Number of protein chains: 2
Amino acid sequence: MGTAEETADDMPWGEVTPDAARRLLVAAVAAFAERGYHATTTRDIAGRAGMSPAALYIHYKTKEELLHRISRIGHVKALAILEGAAGGPGGAADRLADAVRSFVRWHAGRYDTARVVQYELDALGPEHRAEILELRRRSDAAVRRILEDGVREGEFDVPDVPGTTLAVLSLCIDVARWFNTRGRRTPDEVGALYADLVLRMVGAPPRP
Amino acid sequence: MGTAEETADDMPWGEVTPDAARRLLVAAVAAFAERGYHATTTRDIAGRAGMSPAALYIHYKTKEELLHRISRIGHVKALAILEGAAGGPGGAADRLADAVRSFVRWHAGRYDTARVVQYELDALGPEHRAEILELRRRSDAAVRRILEDGVREGEFDVPDVPGTTLAVLSLCIDVARWFNTRGRRTPDEVGALYADLVLRMVGAPPRP
DNA sequence: GGACACCCTAAGCGCTTGCTCACCCTCGGG
DNA sequence: CCCGAGGGTGAGCAAGCGCTTAGGGTGTCC
């Protein structure tokens with residue numbers, strides 16, 4: 001895609017410019033994740049970014065636009081993870097394990113962002129929500145594709161592919177709800193555990 | 001427990017009296033599930049119940065008390081489902097399948113209640129939240145007990161019991177997020193699918 | 001029929017919300 | 001040295017919020 005995404009892993013919001021707009025966006029992610037969109041005030045966001053409430057409206061038209069920007073960037077990132085794994089090398093089991101492992105790792109490691117992305121969809125306006133739902137449909141399709149490949153090649157035993165697709169994505173997404181940094185597990189550990197559990201769900205032998 | 005719970009399945013909020021208080025509570029569940037706690041106004045709740053905004057404060061001290069009552073009743077019901085299945089007859093696999101099936105059925109069939117119960121915890125005050133978290137710890141313990149039994153008796157192959165407990169509960173709870181009545185699946189179908197998936201996760205042969 | 005308890009409402013209080021507006025500070029180019 | 005443009009602020013507006021209060025209607029007891 002764009003050239004600005006090359007540092008996406010190191011600097012998660014590197015594509016957001018100018019600097020003041022990025023600071024506001026990072027502050028909004030923290031506030032939305034902690035209190036929820038509706039319970040967060042524009043004064044709270046501006047305060048976390050070290051600015052006055054009015055500064056927010058120089059860079060964003062409304063509070064909802066801020067949420068939309070966060071949600072769009074997050075969903076694009078999530079989709080890239082899943083499509084990257086779906087189109088990767090190896091058999092269906094390898095690709096499924098890779099998809100779950102990296103998707104879960106993102107939901108755990110960036111759980112504040114993921115929480116906003118996954119749980120504040122209803123706060124978006126109708127057109128913005130429709131745009132985001134299209135990205136989610138493509139995420140669903142990427143996982144379903146792996147399962148269909150595995151079934152066709154005899155690697156998986158899955159009676160209900162759409163239902164299992166839903167369950168796999170649901171399992172990964174819910175990590176953002178319960179994960180917190182004070183827990184005992186690291187994002188890598190949760191990713192490994194979940195990849196194993198999902199392989200069992202589709203009837204594939206566990207990875208080494 | 002109490003005698004008022006005998007009709008709990010037929011009339012979900014039968015234990016709430018008087019009638020006006022129940023109507024308000026049912027209206028609040030619908031509003032909280034649809035828009036979220038913070039986006040719901042007391043005027044909205046009272047309007048859905050066909051009353052004036054002031055009527056709410058005859059039966060409930062604050063909006064937060066309403067949420068607390070909903071959350072407590074819902075968590076008690078969820079805990080009863082899980083402890084009932086954990087203490088039921090049959091081997092660990094039967095009890096685990098039963099727990100998942102009925103827990104998922106409740107999350108799908110009463111998804112508006114479940115959504116409030118599972119996703120609005122942070123809106124509770126500190127003491128109320130602590131009380132609810134204790135109920136959740138007991139739910140976790142009920143599922144973990146089934147897994148431990150299954151491992152001890154050689155029915156299950158589960159390397160990480162606490163992690164798998166978390167995953168099983170997480171999978172079931174997230175049903176409340178994505179389920180809606182316009183979808184293709186019935187609560188019974190989702191319950192059956194999920195029970196099968198969870199048995200696979202713990203390495204047990206599928207039920208007939 | 002009068003006293004009383006119980007629900008409920010109309011009106012509105014004090015406060016916070018998302019957002020705006022008039023103004024200011026800083027800094028590169030002629 | 002002045003100028004204009006762009007990023008920032010202090011003060012505040014209209015609207016909506018959770019919640020309160022004074023009072024009215026209704027049914028049940030003696």
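The sequence lines fix the lettering, A, B, ..., with proteins before strands; numbering per chain opens at 1. The model shown is predicted, which means the values in this text are computed figures rather than measured ones.
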Can you tell me if the side-chain N/O atoms of [X] get under 4.0 Å from OP1 or OP2 in [N]?
X	N	value
Ser52(B)	dC8(C)	no
Thr42(A)	dC19(C)	no
His38(B)	dC17(D)	no
Tyr57(B)	dT20(D)	no

Answer yes or no: is there an ion pair linking Arg101(A) with Asp196(A), defined by an N-O contact shorter than 4.0 Å?
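Judged by the 4.0 Å cut-off on N to carboxylate O distance, Arg101(A) and Asp196(A) do not form a salt bridge.
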Could you tell me the separation between the [atom1] atom of [X] and the [atom2] atom of [N], rounded to a whole number of Å?
X	N	atom1	atom2	value
Lys63(B)	dT16(C)	NZ	P	16 Å
Tyr37(B)	dC17(D)	OH	C1'	12 Å
Leu66(B)	dG18(D)	CG	P	12 Å
Ile45(A)	dT17(C)	CD1	P	11 Å
Asp44(A)	dT16(C)	CG	P	14 Å
Arg35(B)	dG16(D)	CZ	C1'	14 Å
Arg43(A)	dG18(C)	CZ	P	7 Å
Leu24(A)	dG7(D)	CG	P	12 Å

With Arg144(B) as reference, evaluate Thr165(B), Asp149(B), Val168(B) under the side-chain contact (heavy atoms from CB on, under 4.5 Å) test and give the passing residue.
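Among the candidates, only Thr165(B) passes.
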Consider side-chain contact (heavy atoms from CB on, under 4.5 Å). Of Val161(A), Ile146(A), Leu147(A), which one does Val202(A) pass it with?
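Single pass found, and it is Leu147(A).
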5'-most contact on DNA chain C: Ala39(A) or Lys61(A), nearest heavy atom basis?
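The 5'-side residue here is Ala39(A).
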Please compare Pro18(B) and Ala54(B) by the position of their nearest nucleotide in DNA chain C and report the one closer to 5'.
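Per heavy-atom nearest nucleotide, the more 5' residue is Pro18(B).
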Can you tell me which nucleotide in dT9(C), dC19(C), dG8(D) comes closest to the side chain of Ile58(B)?
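Nucleotide nearest to Ile58(B)'s side chain: dT9(C).
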Where does the angle between the aromatic ring planes of His68(A) and His128(A) fall among parallel (under 30°), tilted (30 to 60°) and perpendicular (over 60°)?
parallel
Centres of the Tyr111(A) and His107(A) rings: under 6.0 Å?
no
Could you check whether Thr41(A) gets within reach of a base, just the sugar-phosphate, or nothing at all, counting any heavy atom under 4.0 Å?
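It contacts sugar-phosphate atoms only.
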